[in-house]
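Here is how names work: the chains are called A, B, and so on, in the same order as the sequence lines, proteins then strands, and each is numbered from 1.
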2 protein chains.
Amino acid sequence: MPDPTPYIIYTDGACLGNPGPGGYAAIVRQGAQEREFSGGFRRTTNNRMELTAAIVALESIPAGSQATLYSDSNYLVQAVNLGWARGWKAKGWRRSTKEKALNPDLWERLLKLLDQRKVTFVWVRGHAGNSQNERCDRLSVAAAQRPNLPPDAVFEAGEKI
Amino acid sequence: MPDPTPYIIYTDGACLGNPGPGGYAAIVRQGAQEREFSGGFRRTTNNRMELTAAIVALESIPAGSQATLYSDSNYLVQAVNLGWARGWKAKGWRRSTKEKALNPDLWERLLKLLDQRKVTFVWVRGHAGNSQNERCDRLSVAAAQRPNLPPDAVFEAGEKI
RNA sequence: GGACACCUCCUAGU
DNA sequence: ACTAGGAGGTGTCC
């Protein structure tokens with residue numbers, strides 16, 4: 001049975017060049033316990049990193065748990081809160097008959113995690129003095145700068161076309 | 001008819017904190033004659049002081065005259081020489097559809113002065129041994145340190161919003 | 001047309 | 001380490 005204490009999660013993504021070397025970071029707190037996660041890819045996009053940060057954070061908490069997740073990405077927060085992502089999935093990852101919804105690999109992972117957890121997404125303005133958001137920002141930039149980053153295989157495959 | 005001898009002008013701005021107490025200074029020379037101007041505000045920005053220094057200097061020379069103005073502010077020199085300021089004005093003080101151009105009050109004053117004078121702006125690297133620039137620097141810092149500085153009303157009004 | 005984010009480059013002021 | 005300013009851009013959505 002999952003611990004009923006809710007999680008507080010901050011996430012951020014960075015990308016040096018967009019597309020370029022990218023990093024993600026998450027701070028996951030439950031009561032007095034706090035964990036940090038970060039990582040990067042050698043070539044990706046800012047929005048893929050914002051999504052990945054949320055995925056990594058939610059993968060770190062058990063199914064059935066409750067969380068509030070803070071992000072400065074409107075792409076992420078609105079796609080969840082306004083039901084965009086569910087709509088794209090329902091239409092076979094299309095936004096309209098002729099326009100594809102992007103990053104379906106990451107959205108699939110995220111929606112599955114959300115099915116198993118009770119998560120509230122909250123948008124926070126970036127670079128506006130929120131210390132947790134700013135720490136995530138620094139962590140994600142640092143991750144993007146690490147040497148020998150692995151490939152974001154899905155992104156790089158999409159570029160070859 | 002204006003004196004045809006060209007003016008040599010050095011300007012600088014300083015700001016203790018940005019935003020913070022700010023000072024401007026100008027040295028205006030014509031032949032053997034030299035004048036100095038300086039002043040300050042209790043709370044303003046570095047770029048507003050760089051602009052103000054140029055405005056005060058050009059207000060001190062007659063319409064129709066010719067001048068070369070040296071400044072270490074890229075904001076000032078490029079906005080004049082590359083036509084940025086004219087462009088912002090033409091677009092209703094916007095840099096793009098969504099981004100406002102800042103300090104329109106000062107740019108309006110400066111552009112009007114430039115319409116009536118033949119002024120060449122030259123950028124000089126700050127703190128690089130130019131004695132006139134360094135004297136301006138000292139004057140502007142001293143001005144910023146004076147007690148009982150008046151308010152930069154436009155700046156403080158903009159902060160309240 | 002709008003929003004958010006991610007940058008790249010440059011300068012100045014602390 | 002910070003803030004105030006400028007030019008150019010992409011990633012994504014409505």
[Y] backbone acceptor or donor facing [X] side chain under 3.5 Å:
X: A/Ser140; Y: A/Cys136; result: yes
X: B/Asn130; Y: B/Asn133; result: yes
X: B/Asn18; Y: B/Asn46; result: yes

Checklist entry - How would you list all residue pairs meeting ring pair (Phe, Tyr, Trp, His ring centres under 6.0 Å) that involve residues 55-97 of chain A, not counting sequence neighbours? => result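 As it turns out, the ring pair (Phe, Tyr, Trp, His ring centres under 6.0 Å) pairs with a partner in residues 55-97 of chain A, which skip direct neighbours, are A/Tyr10-A/Tyr70, A/Tyr75-A/Trp107, A/Trp88-A/Trp107.
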
Item to check | Pairwise side-chain contact, A/Arg95 with A/Lys100, heavy-atom cut-off 4.5 Å (strictly under) | outcome: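 No, every pair of side-chain atoms sits at 4.5 Å or beyond.
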
Item to check | Residue pairs involving residues 57-74 of chain A (criterion salt bridge (Lys or Arg N to Asp or Glu O under 4.0 Å); sequence neighbours excluded) | outcome: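 The answer is A/Glu59-A/Arg109.
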
Next on the checklist: Show me the pairs that pass salt bridge (Lys or Arg N to Asp or Glu O under 4.0 Å) and involve residues 118-127 of chain A, at least two apart or across chains.
Outcome noted: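 Found none.
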
Checklist entry - Which of residues 79-89 of chain A sit near DNA chain D, with a heavy atom under 4.0 Å from it? => result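 Contacting residues: A/Trp84, A/Trp88.
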
Item to check | Contact residues, residues 92-114 of chain A to DNA chain D [heavy atom, < 4.0 Å] | outcome: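 The answer is A/Arg95, A/Ala101, A/Leu102, A/Asn103.
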
How would you list, by chain and number, every residue that makes a salt bridge (Lys or Arg N to Asp or Glu O under 4.0 Å) with [X], sequence neighbours excluded?
X: A/Arg146; answer: none
X: A/Lys112; answer: none
X: A/Glu34; answer: A/Arg29, A/Arg135
X: A/Arg138; answer: none

Item to check | Contacts of type side chain to side chain contact (heavy atoms under 4.5 Å, CB included), residue B/Val56, not counting sequence neighbours | outcome: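 Only B/Tyr24, B/Phe37, B/Thr52 meet the side chain to side chain contact (heavy atoms under 4.5 Å, CB included) criterion with B/Val56.
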
Item to check | Terminal contacting nucleotides, 5' and 3', DNA chain D versus chain B (heavy atom, 4.0 Å) | outcome: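 Terminal contacting nucleotides, 5' to 3': D/dT3 to D/dA7.
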
Item to check | B/S/- contact track for nucleotides 8-14 of chain C, protein heavy atom under 4.0 Å | outcome: S-SSBSS

